[in-house]
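Written out below as structure tokens is the structure these notes cover.
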Amino acid sequence: MRAFRMHDWLTEPVLTEVDVPEPGPGQVLVRIGGAGVCHSDLHVFREFEPGRMPWRLPFTLGHENAGWVESVGAGVTGLDPGMPVAVYGPWGCGACDRCLRGVETYCERPRDAPVPLGGAGLGLDGGMADYLLVPHARHVVPLPDGLDPVTAAPLTDAGLTPYHAVRRSWSKLTATATAVIIGVGGLGHLAVQVVKATTAARVVAVDTRPEALELARRLGADVTLRPGDGVAEVVRDETRGRGADVVVDCVGNDETLALAASVARVLGDLTIVGLGGGRLPVSFFAMPFELSVQTTYWGSRPELVEVLALASRGLLHTEVTRFSLDDVAQAYRRLEEGTLTGRAVVTP
Ligand code: NAD
Ligand code: ZN
Ligand code: ZN
């Protein structure tokens, strides 16, 4: 089968031929219907120095995956060949307190996990291939009615990550609240919708690209702004001088973090999701009082079930540009150039 593999750090991945894996006991082989093209992959193969992650090479990229059950190993029940499924990508030990609650992103025994601090396409073979071997059936989530693997694939990360980030701020997203989403790409276009679908807060979306802002408007953002448009002043006007209750930064560079802190409200939340490498200076007068700042990584399995349910009820729309597996390198180039809106999905 074809697989888009990372053979070395700081090197372009290549499409190669590898054997179709066989599912062992408890494992599931998924025929890939869609694999999302995430900006994190660009960070992984362009920026991560050797030794940064405890992962062995080579491995196949692709951590946003959905498809159909192809075959199951001994002892797997409830998953039949042909069933449409999404794959929960963070693969922990399955037995620690966090994993037992479905929060495998923060596995407390990473040495007992199939790969430390990773999962599908992050240290272990992922879904940029014809087939994906899922090491444990618990990571395979049947798709609810009305969802197909191409639109479901981005929900497993571009949907799940902002859902987790927004969900932990739900109590602050009241009917009088405002959320600011910075960066309306793969993650951000779903972040806007997660706020609209699950809270009564208003949404201000910020992006450098007019086409991203146009998408944000179409998906329900109340106000859309470019960083140069006096964002802090507009947010203050929109909120009677109070500022944003919740800011989710899906870029995370110096510029966007400074913007995030400048629009946030006293007692608000500032959540850093983007891996843009920026820093946020913290000191007594540098930011609003009692602003909580946090980073979040991906989301939990129960949250993935909730995201899929929202999409199946028509409350989340994934804006998808399809690429064949043979054109996967082009999909990453387009992502890097910033000429995509929503999410690129590779459809083997
Ligand atoms: P993307 O390229 O699809 O979207 C990024 C968006 O940000 C684009 O629309 C771009 O125009 C916009 N942007 C860039 N610079 C900007 C600026 N200075 N001001 C405003 N907007 C700007 O990327 P994506 O796949 O959505 O990923 C976004 C970030 O989130 C990446 O850094 C990625 O690695 C990270 N990520 C984090 C997690 C996590 O678990 N924390 C999960 C997935 C992705
Ligand atoms: Zn990702
Ligand atoms: Zn664990």
Side-chain angles (χ1 to χ4, degrees), residues 35-44 46-48 61-65 89-114 116-122 126 136 138 153-154 156-165 180-192 205-216 224-229 231 248-260 271-278 294-299 319 321 331-332 334-344:
V37 177
C38 181
H39 209 117
S40 295
D41 292 334
L42 288 174
H43 295 301
V44 169
R46 286 282 160 71
E47 294 164 21
F48 282 18
L61 286 165
H63 57 268
E64 284 187 353
N65 305 303
W91 294 342
C93 75
C96 72
D97 183 64
R98 294 286 179 237
C99 284
L100 286 173
R101 292 161 201 266
V103 192
E104 303 205 20
T105 40
Y106 304 139
C107 174
E108 289 167 328
R109 299 206 305 245
R111 274 196 216 141
D112 297 331
L117 309 173
L122 296 167
H136 199 287
R138 74 175 183 277
T156 65
D157 171 33
L160 175 58
T161 300
Y163 183 78
H164 174 76
V180 173
I181 307 296
I182 302 176
V184 192
L187 269 65
H189 89 288
L190 285 155
V192 167
V206 181
D207 202 291
T208 46
R209 297 183 300 139
E211 58 277 20
L213 294 178
E214 160 60 32
L215 177 64
T224 58
L225 297 167
R226 288 199 272 190
D229 294 342
V231 177
V248 179
D249 185 349
C250 298
V251 179
N253 63 25
D254 284 334
E255 181 193 343
T256 59
L257 289 175
L259 179 71
T271 302
I272 304 169
V273 169
L275 278 58
Q294 52 263 308
T295 54
T296 58
Y297 176 51
W298 223 332
E319 180 80 5
T321 308
Y332 282 102
R334 293 269 311 274
L335 179 67
E336 191 164 37
E337 289 165 7
T339 55
L340 293 167
T341 48
R343 196 49 132 196

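Whatever order the structure lists ligands and atoms in, that order sets their numbers, starting from 1. Just so you know, residue 1 is the first one in the sequence shown, and it goes up from there. All heavy atoms count here, side chains included; hydrogens, waters and symmetry mates do not.
Inclusion of His39 in the first shell of the Zn ion (ligand 2) is not supported: no N, O or S atom falls under 2.8 Å.
If you take OG1 on Thr161 and OH on Tyr297, they are separated by 8.5 Å, rounding to the nearest 0.5 Å. Atom OG1 of Thr296 and atom NE2 of His164 lie 5.5 Å apart (nearest 0.5 Å). Remark: Leu42 CG to Leu335 CG distance equals 5.0 Å, nearest 0.5 Å. Distance check: Arg109 CZ to Cys96 SG gives 6.0 Å after rounding to the nearest 0.5 Å. To the nearest 0.5 angstrom, Ile272 atom CD1 is 7.0 Å from Asp249 atom CG.
Taking 4.0 Å as the cut-off between side-chain N and carboxylate O, Glu214 and Arg209 do not count as a salt-bridged pair.
Where the criterion is an N or O separation shorter than 3.5 Å, residue side chain and backbone included, Arg209 meets it with respect to ligand 1. Remark: ligand 1 and Leu187 share an N or O pair separated by less than 3.5 Å (distance only, no angle test). Geometrically, ligand 1 and Gly342 share no nitrogen or oxygen pair separated by less than 3.5 Å. Taking any N or O of Val37, backbone or side chain, none lies under 3.5 Å from an N or O belonging to ligand 1.
A heavy-atom distance below 4.5 Å is not found between the side chains of Ile182 and Cys250. With contacts defined as side-chain heavy-atom distances shorter than 4.5 Å, the pair Pro116/Arg111 does not qualify. Here the side chains of Arg226 and Thr208 are not in contact, with every heavy-atom distance at 4.5 Å or above. Put simply, the side chain of Val273 does not reach to within 4.5 Å of the side chain of Trp298, judged on heavy atoms. Side chains of His63 and Asp157 form a contact here, defined as non-hydrogen atoms less than 4.5 Å apart. Considering only heavy atoms from C-beta on, Arg98 stays 4.5 Å or farther from Cys107 through its side chain. Considering only heavy atoms from C-beta on, His136 stays 4.5 Å or farther from Glu104 through its side chain. At least one side-chain heavy atom of Arg343 sits under 4.5 Å from a side-chain heavy atom of Cys38.
Nearest non-hydrogen protein atom to atom 34 (O) of ligand 1 is Ser40 OG, 2.7 Å. From the protein, the heavy atom lying nearest to atom 40 (O) of ligand 1 is Trp298 N, 2.7 Å. Protein heavy atom at the shortest distance from atom 3 (O) of ligand 1 is Gly186 N, 2.9 Å. Distance from atom 4 (O) of ligand 1 to its nearest protein heavy atom, with residue and atom name: Gly185 CA, 3.3 Å. Closest to atom 2 (O) of ligand 1, if we only count protein heavy atoms, is His39 ND1, 2.7 Å. Counting only heavy atoms of the protein, atom 39 (C) of ligand 1 lies nearest to Thr161 CG2, 3.5 Å. In terms of protein heavy-atom proximity, atom 28 (C) of ligand 1 is closest to Cys250 O, 3.1 Å.
Checking Leu190, Val251, Leu42, Val206 against atom 16 (C) of ligand 1, the nearest heavy atom belongs to Val251. The heavy atom nearest to atom 30 (O) of ligand 1, considering only Gly274, Ala216, Cys38, Gly89, is found in Gly274. When the options Val273, Asp207, Asp157 are ranked by their closest heavy atom to atom 9 (O) of ligand 1, first place goes to Asp207.
Within ligand 1, the atoms closer than 4.0 Å to a non-hydrogen atom of Thr256 are 17 (C), 18 (N), 19 (N), numbered from 1 in the order shown. Atoms of ligand 1 lying under 4.0 Å from any heavy atom of Leu335, numbered from 1 in the order shown and given with element: 2 (O), 3 (O). Within ligand 1, the atoms closer than 4.0 Å to a non-hydrogen atom of Glu255 are 18 (N), numbered from 1 in the order shown. Close contacts of ligand 1 with Thr296, meaning ligand atoms under 4.0 Å from a residue heavy atom, involve 39 (C), 40 (O), 41 (N). Near Tyr297, the atoms of ligand 1 lying under 4.0 angstrom from a non-hydrogen atom of the residue are 40 (O).
An angle of 110° is found at the Zn ion (ligand 2) between His63 atom NE2 and Cys38 atom SG, rounded to 10°.
When atom types are taken as modelled, the side chain of Glu319 and the backbone of Thr341 share no donor-acceptor pair closer than 3.5 angstrom. Side-chain atoms of Thr256 come within 3.5 Å of backbone atoms of Asn253 as a donor-acceptor pair (strictly under, hydrogens ignored).
Within the structure, ligand 1 has Arg343 among the residues with a heavy atom less than 4.0 angstrom away.
Take the N/O/S atoms of Asp157: the one nearest the Zn ion (ligand 2) is OD2.
Contacts of Pro227 with ligand 1, taken as heavy-atom pairs under 4.0 Å, involve the side chain alone.
Side-chain contact annotation: Gln294 with Thr271, donor-acceptor N/O pair under 3.5 Å present.
Take the Zn ion (ligand 3) and draw a sphere of radius 2.8 Å; the protein N/O/S atoms inside it number 4.
Checking each of Val180, Val206, Val251 against Leu259 for a side-chain contact (heavy atoms from CB on, under 4.5 Å) leaves exactly one that passes, namely Val206.
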